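Residue numbers run from 1 in the order of the sequence given. Being a predicted model, the structure only gives us computed values, none of them experimental.
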Amino acid sequence: METATAWHRVLNDPQLRALPYKVETNEHRQIVLRPHTPQHGLRQSRISDLLRDHAPQGGARAVEFAVDTAKGVKVPAVIWIAEDRLARIPDDAEASPVVPDLVVEVLSESNTESEIAEKRRLYLDEGAQEVWTCGPDGRMTFYDEEGERKASALVPSFPNTLN
């Protein structure tokens, strides 16, 4: 995708690598920076730990996983990807050309509903089976192609709220 060039520049810019921000690109090949709070990092780790304990066998989880999309490189907070999809990612990929099965965004007060709805639709349109959000209060919301769900179909035992 065309966005790969902008992402390559991001990855190779020492000043950008030193910033304490989540870095993504958009469909206009612009760099988008988002600051992280300590709570964001703690929620991200907690979700990853819970996926380790509850997600199906035969997959991998990761944090800050760069995904090349039609609207730039997005970096979901946490992902889970089945082994068959994982095998399709080249070892030298700077951003995954394969959207993970499960994408989790940890939200902050600065996220807008329209921004998150657009990312959710983007991930689902490009092949994610589910997209979850974790609100600033720790409440989990689960989505698939049909819309919001009461619980995850992929990881049914995942809690609705992080403690």
Side-chain angles (χ1 to χ4, degrees), residues 7 10 17 19-26 32-89 93-163:
W7 189 246
V10 167
R17 284 196 314 256
L19 292 175
Y21 300 108
K22 177 177 181 174
V23 180
E24 296 181 328
T25 61
N26 63 21
V32 179
L33 303 175
R34 287 219 186 273
H36 278 210
T37 64
Q39 276 303 317
H40 181 280
L42 291 170
R43 285 192 180 100
Q44 190 174 351
S45 291
R46 181 73 178 128
I47 292 165
S48 179
D49 290 347
L50 287 165
L51 283 174
R52 177 195 60 223
D53 299 339
H54 295 272
Q57 298 296 313
R61 68 189 195 296
V63 297
E64 301 294 326
F65 188 83
V67 180
D68 195 7
T69 75
K71 293 200 171 196
V73 174
K74 305 304 178 197
V75 185
V78 184
I79 62 97
W80 181 86
I81 186 167
E83 287 178 359
D84 62 322
R85 288 187 192 212
L86 188 59
R88 298 188 346 235
I89 303 171
E94 292 182 339
S96 174
V98 179
V99 173
D101 299 83
L102 170 61
V103 175
V104 185
E105 290 286 356
V106 175
L107 307 180
S108 69
E109 300 293 341
S110 67
N111 292 115
T112 65
E113 179 52 40
S114 63
E115 167 201 2
I116 296 306
E118 180 180 14
K119 276 188 169 182
R120 189 169 53 240
R121 178 61 19 222
L122 178 65
Y123 295 137
L124 291 168
D125 286 350
E126 294 202 14
Q129 292 180 42
E130 291 186 4
V131 177
W132 302 353
T133 58
C134 176
D137 60 356
R139 190 173 76 86
M140 299 297 300
T141 310
F142 310 97
Y143 300 88
D144 64 12
E145 277 295 326
E146 302 298 316
E148 188 173 342
R149 305 177 50 87
K150 289 191 183 277
S152 167
L154 281 174
V155 190
S157 61
F158 201 91
N160 289 329
T161 305
L162 299 183
N163 51 18

**Request:** Sequence neighbours left out, what passes ring-ring contact (aromatic ring centres under 6.0 Å, His included) with Phe65? Give chain and number order.
**Result:**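 Result, ring-ring contact (aromatic ring centres under 6.0 Å, His included) vs Phe65: none returned.
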**Message:** Which residues pass the ring-ring contact (aromatic ring centres under 6.0 Å, His included) test with Phe158, not counting sequence neighbours?
**Reply:**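 Applying ring-ring contact (aromatic ring centres under 6.0 Å, His included) to Phe158 gives Trp132.
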Would you say that [X] contacts [Y] through its side chain, given a criterion of any heavy-atom pair below 4.5 Å between the two side chains?
X      : Y      : value
Ile89  : Pro97  : yes
Phe142 : Asn160 : yes
Val99  : Asp125 : no
Gln44  : Glu64  : yes
Asn111 : Ser108 : yes
Met140 : Ile47  : yes
Arg121 : Glu145 : yes

**Message:** With a 4.0 Å cut-off on N to O distance, would you call Arg46 and Asp49 a salt bridge?
**Reply:**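 The answer is no: the pair does not qualify as a salt bridge.
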**Asked** To the nearest 0.5 Å, how far apart are CD in Glu148 and OG1 in Thr141?
**Response**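 Glu148 CD to Thr141 OG1: 5.5 Å, rounded to 0.5 Å.
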**Item:** Spatial distance of atom OG1 (Thr133) from atom CD (Glu113) [nearest 0.5 Å]
**Value:**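 Those atoms lie 8.0 Å apart.
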**Message:** More than 12 heavy atoms of other residues, nucleotides or ligands under 6.0 Å from CD of Glu146: yes or no?
**Reply:**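 Not buried by this count: 12 neighbours or fewer within 6.0 Å.
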**Asked** Would you say the side-chain atoms of Glu126 and Thr69 include a donor-acceptor pair closer than 3.5 Å?
**Response**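 No, no side-chain donor-acceptor pair sits under 3.5 Å.
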Over all heavy atoms of both residues, which pair between [X] and [Y] is shortest? Give the atoms and the distance, please.
X      : Y      : value
Ala66  : Glu94  : CB-O, 4.1 Å
Asp101 : Leu154 : O-CD1, 4.0 Å
Glu105 : Pro76  : OE2-CA, 3.7 Å

**Message:** Suppose the criterion is salt bridge (charged side-chain N to carboxylate O under 4.0 Å, His left out): which pairs have a residue in residues 154-163, not counting sequence neighbours?
**Reply:**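 Applying salt bridge (charged side-chain N to carboxylate O under 4.0 Å, His left out) to every pair that reaches into residues 154-163, excluding sequence neighbours, yields nothing.
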**Prompt:** So, does Arg43 use its side chain to make a donor-acceptor pair with the main chain of Leu107 at under 3.5 Å?
**Reply:**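 No, because the side chain of Arg43 does not come within donor-acceptor range (under 3.5 Å) of the backbone of Leu107.
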**Asked** Under the 3.5 angstrom rule, does the side chain of Asp68 hit a backbone N or O of Ala95 as a donor-acceptor pair?
**Response**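 Not confirmed, Asp68 side chain does not pair with Ala95 backbone.
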